[in-house]
Amino acid sequence: MTAVFRSCPFPAGSGILIDMDAITKNLTPAQADAVTHVDGPLLIIAGPGSGKTRVVTHRIAYMLNQGVRPWQIAALTFTNKAADEMRMRVNLLAPDQPVWMGTFHRFCAQQLRRYASFVGLSENYSIYDMADSRSAMKRAIQAAGVSTSHATPEQISSAISKAKNRLITPESMQQQSGRASDTVAARVYPVYQEQLLLANAVDFDDLLYHFARLLRENPEVRGELDAKLKYIMVDEYQDTNLAQYAIVRAMSVDHPNLAVTGDPDQSIYGWRGADLNNILDFEKDYPNVKTVRLEQNYRSTPNILAVADQLIRHNRRRKSKELFTDNPDGDNVILRQYQDGYEEADAIADEIAAQMIAGNAEPRDFAIFCRMNALTRSLEHALRNRGLPYQIVNGVEFYQRKEVKDLLAYLHLINNPSHDVALQRVINTPTRSIGATTVGRLQKFADDQRIPMLEAARRADEIDTLSKRSKTMVRSFVSLYERLRKKATESLEDLVRYLVEETKYIAFLERTSVEKEDSNPIENVDEFLSAAVEFDRMHPEDGSLEAFLEQVALVSDTDKFEDSNNRVTLMTLHAAKGLEFPRVFVIAVEDDLLPHYRSKQDDQQLEEERRLLFVGITRAKQWLQLSYAKRRSMRGDIRVAIPSMFLSELPRADMNVIESFADRDFFDDSGDDSYPDSWDLVQEPAPEEEGEMEYKADAAAEPEESAKQPKPSPSAVDRLPSTVSDSVSVIPDVYMDPPTSKSKPKQRVVPIAAALTTASEMMSSDRVPLGAYREGCTVRHPEYGEGTITELTGRGPKRTAKIRFSDGEPEQTFRLAFAKLELVDASGA
DNA sequence: TCATACCCCATTTTT
DNA sequence: TGGGGTATGA
């Protein structure tokens, strides 16, 4: 779809010379309708893949062409990625126009810098990230003296967050009586706010909350901004919460040229305070609104779209939409059952490898979506085993790593001496003999005096409870701080270099950090330094420490998603919003996961879960598979899984439904079977409509499926992209073997590999039951050599063996599924 | 004060 | 499974 957009040439010229033809041609009537609407409220209901971004960007170009000044336009998004995309595409149509484009949070952060004093902050205020606010919250809970026995800090946090999103003040929250956690939260809330203010800091919610209150309480500021930003656009309007709603509304009173785009069917952030009513009631809020519906889909095949459409029709709270497409027919959507999560992971990895080797796909074409991050683990394993390059969008992010957070905390403290969270982080990092007791005493003094902790540290001599030694240590920390502070105005690079040097941070890392395979702390420090250099380069004039910190605070994990590198993408369904992929797997479409068990009680939440699946489905361009497993192991133990109720809502007649026929006794190596044989009798929700409701193998689908098995292609590995060759070079030979067709259809492609001797290989091939390992067996471990199994416990992937390698030595314990154990003598006892 | 060990906890989604 | 918090010992 992007290819279509790019082909719009326009003359380079002075001022705002924009090729009108490029802006309006090749638009559908509906799109043109939206693009050419300049004044007055505008509601764009945009289905998935309907060219929404195209409309928004073209509309901005059109307005500029019509004489709207660029600084009168602000386009608000939810993610930096969306903003970047928009900026890039507007720039193609109308280069170098200072139209404000960015996230809500960034917008508010910038406005708050200017009006900081209105809400009791200074303009160098800090933005707490999640970890920061969590630790601030703990302190507030302590200070408020409430017990956490009835409400965890997380619950309190979330209650306060919700309150802020709904613009509820600490005072008004106390008057409301609600659940126990709310009552507790109401007591913590004012303390937490007070401490934030004292630290000259805000959390994420505060950015919106403070700014919304600022607008409400200061009519002159409101009027000023309303007049300046005459044209406001909001993307993903269905995800706005009350605070955002209030902000946007307040700036669109005198000049109600508010244009919002969104899709009620893609609202998946209700739990974060997003209020679907904002978009559902937009037409009530602005009676003379122009509404445009973009219903034609340019992304997906009709097959995929039909599945999405059928599903979402089951929602009640929506604006009905006709999704249609002119795209040619594609493959049927696959609904697939697996024995368990491991088989699911292996089979998907096999399928990806097979499709790649078939020669018509590369890693970047694939995405695997799941409800929870925890579910990506087995996928990771399977992909890694096959040498398939992948990326997890929500992995450990750079700015969350310890080293980086440490250095950042120093910078925060330099920028804002009241940043208590930062101080607590760095005061003993690297360790300088200022332990918890000392910090606790400093904190108490600070709390009593209502001063920042750094100030308390400066006045350490007045704190009687501190030992002489502690006082000395604290004093030396303060003098270190003063030295650092003097460098605050130098370039970021110099500051960071000096900081690392002066704190002897590298030496600290060297003696404390343990080497891990996938992260090198010292490299991270270098990387952080590079980020600083880069920032200096990008901001030669306005580059301040403060700006850098703000930038860092407002980037998120999802923004880090790179489509430039050629990898299979693993992400949550939430993170997938706004993206598209040629081939998509949605895994674990099971009851209690999707819908999540905590969302099943409430109809509105249940509908949100359905929308979540809808979002996942509509990301797919050509090919889609939904899957569920019979069993799933979660947090250690294995549970029977039930297919999601949503699956019964799909048009299965038009899909390929494939059941798993893998051997049932795969895990049944100890004789007793705790898994029900009556799986197929698990009841579906009672049918409400016509159509078959039970799961059954689609007999017609199977031959077709085996016909689709890839042909061997000796040169396939050569065709793998070079950028990933390092990790791909070890594609196992099994992929070079054609899968055999069997009389009894088996879902798994069983590789014809040579000898399978280690248990983990057996595990992944499911050829030999783990039962081959018995007590008394002799096995060989690559490191420990030969030994005897003395005890076997657990089942399936948790099957564990105790092995004695030599008499007198303690036994070692291994998971059969993972240890590289070779069976030397199976005769055993 | 620090580091290690252990135990127990809870387990959704994130700007 | 694992991360975080706490108990314990050096």
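Each chain gets a letter, A, B and so on, in the order the sequences are listed, and its residues count up from 1. Keep in mind that this is a model prediction, so the values were computed, not measured. The figures here come from the full heavy-atom set of this structure, side chains too, leaving out hydrogens, waters and symmetry mates.
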*asked:* Using atom C1' in both nucleotides, what's the gap between C:dG5 and B:dT12 to the nearest angstrom?
replied: 23 Å
*Ignoring the backbone of A:T103, work out which of B:dT13, B:dT15, B:dT1 is nearest its side chain.*
B:dT15
*What integer distance in Å separates A:W271:CH2 from B:dT13:P?*
8 Å
*Separation of A:E154 atom CD from C:dG3 atom C1', in whole Å?*
12 Å
*Step through the shown structure and confirm whether more than 12 heavy atoms of other residues, nucleotides or ligands are within 6.0 Å of CZ on A:R134.*
no
*asked:* Can you measure A:D235 atom CG to B:dT15 atom C1' for me and round it to whole angstrom units?
replied: 14 Å
*asked:* What's the closest nucleotide to the side chain of A:S599 if the choices are B:dT1, B:dT12, B:dT15?
replied: B:dT12
*asked:* In whole Å, I'd like the distance from the CZ atom of A:F104 to the P atom of B:dT14.
replied: 20 Å
*Does a side-chain N or O from A:T438 land closer than 4.0 Å to OP1 or OP2 of B:dT1, or not?*
yes
*For A:I232, which of A:V260, A:L258, A:I247 qualifies under side-chain contact (heavy atoms from CB on, under 4.5 Å)?*
A:L258
*Are A:F477 and A:M473 close enough, and set up right, to give a side-chain contact (heavy atoms from CB on, under 4.5 Å), and what steps lead you there?*
CA-CA 6 Å; A:F477 171 75; A:M473 294 306 188; over 6 Å; no
*Mark yes or no for a side-chain to base donor-acceptor pair under 3.5 Å between A:R371 and B:dT13, with no hydrogen or angle criteria applied.*
yes
_Does the Lys NZ or Arg CZ of A:R611 fall within the cation-pi geometry relative to A:F614 - under 6.0 Å from the ring centre and within 45° of the axis?_
no
_A:N165 side-chain N/O to B:dT15 phosphate OP1/OP2 under 4.0 Å_ = no
*When you measure from the side chain of A:K138, which nucleotide among B:dT15, B:dT12, C:dG5 comes out closest?*
C:dG5
*Can you tell me the distance, in whole Å, between the OH atom of A:Y128 and the P atom of B:dT15?*
21 Å
*Between B:dT1, B:dT14, C:dG2, which nucleotide gets closest to the side-chain atoms of A:T437?*
B:dT1
*Is any side-chain nitrogen or oxygen of A:T572 closer than 4.0 Å to OP1 or OP2 of B:dT14?*
yes
*Distance from A:R441 atom CZ to A:K471 atom NZ, nearest 0.5 Å?*
10.5 Å
*Out of B:dC2, B:dT1, B:dT15, which nucleotide sits closest to the side chain of A:T431?*
B:dC2
*asked:* What verdict does the side-chain contact (heavy atoms from CB on, under 4.5 Å) test give for A:Y192 and A:D203, after you've listed the backbone C-alpha separation in whole Å, the side-chain angles of each residue and the deciding distance to 0.1 Å?
replied: CA-CA 10 Å; A:Y192 176 66; A:D203 63 20; 2.9 Å; yes
*Among B:dT1, B:dT12, B:dT15, find the nucleotide with the atom closest to the side chain of A:R272.*
B:dT15
_Using whole Å, what does the distance between atom P of nucleotide B:dT14 and atom NE2 of A:H105 come to?_
14 Å
*asked:* Just to be sure I understand the rule, does A:K577 reach a base, reach only the sugar-phosphate, or reach nothing, if contact means heavy atoms closer than 4.0 Å?
replied: nothing
*Let me know the distance between CZ of A:R441 and C1' of B:dT1, rounded to the nearest Å.*
12 Å
_So, OP1 or OP2 of B:dT15: does either fall under 4.0 Å of a side-chain N or O from A:K81?_
no
_Both A:E609 and A:R469 contact DNA chain B. Taking the nearest nucleotide for each, which residue is further toward the 5' end?_
A:R469
*NA contact type, A:D205, heavy-atom cut-off 4.0 Å: base, sugar-phosphate, or nothing?*
nothing
_Out of B:dT13, B:dT15, C:dG5, whichever nucleotide has its closest atom nearest the side chain of A:H574_ = B:dT13
*Let me know the distance between CD of A:E608 and C1' of B:dT13, rounded to the nearest Å.*
9 Å
_Position toward the 5' end of DNA chain B (nearest nucleotide), A:R432 or A:Q244_ = A:R432
_Can you see if the side chain of A:N80 gets near the phosphate of B:dT15 - specifically, an N or O under 4.0 Å from OP1 or OP2?_
no
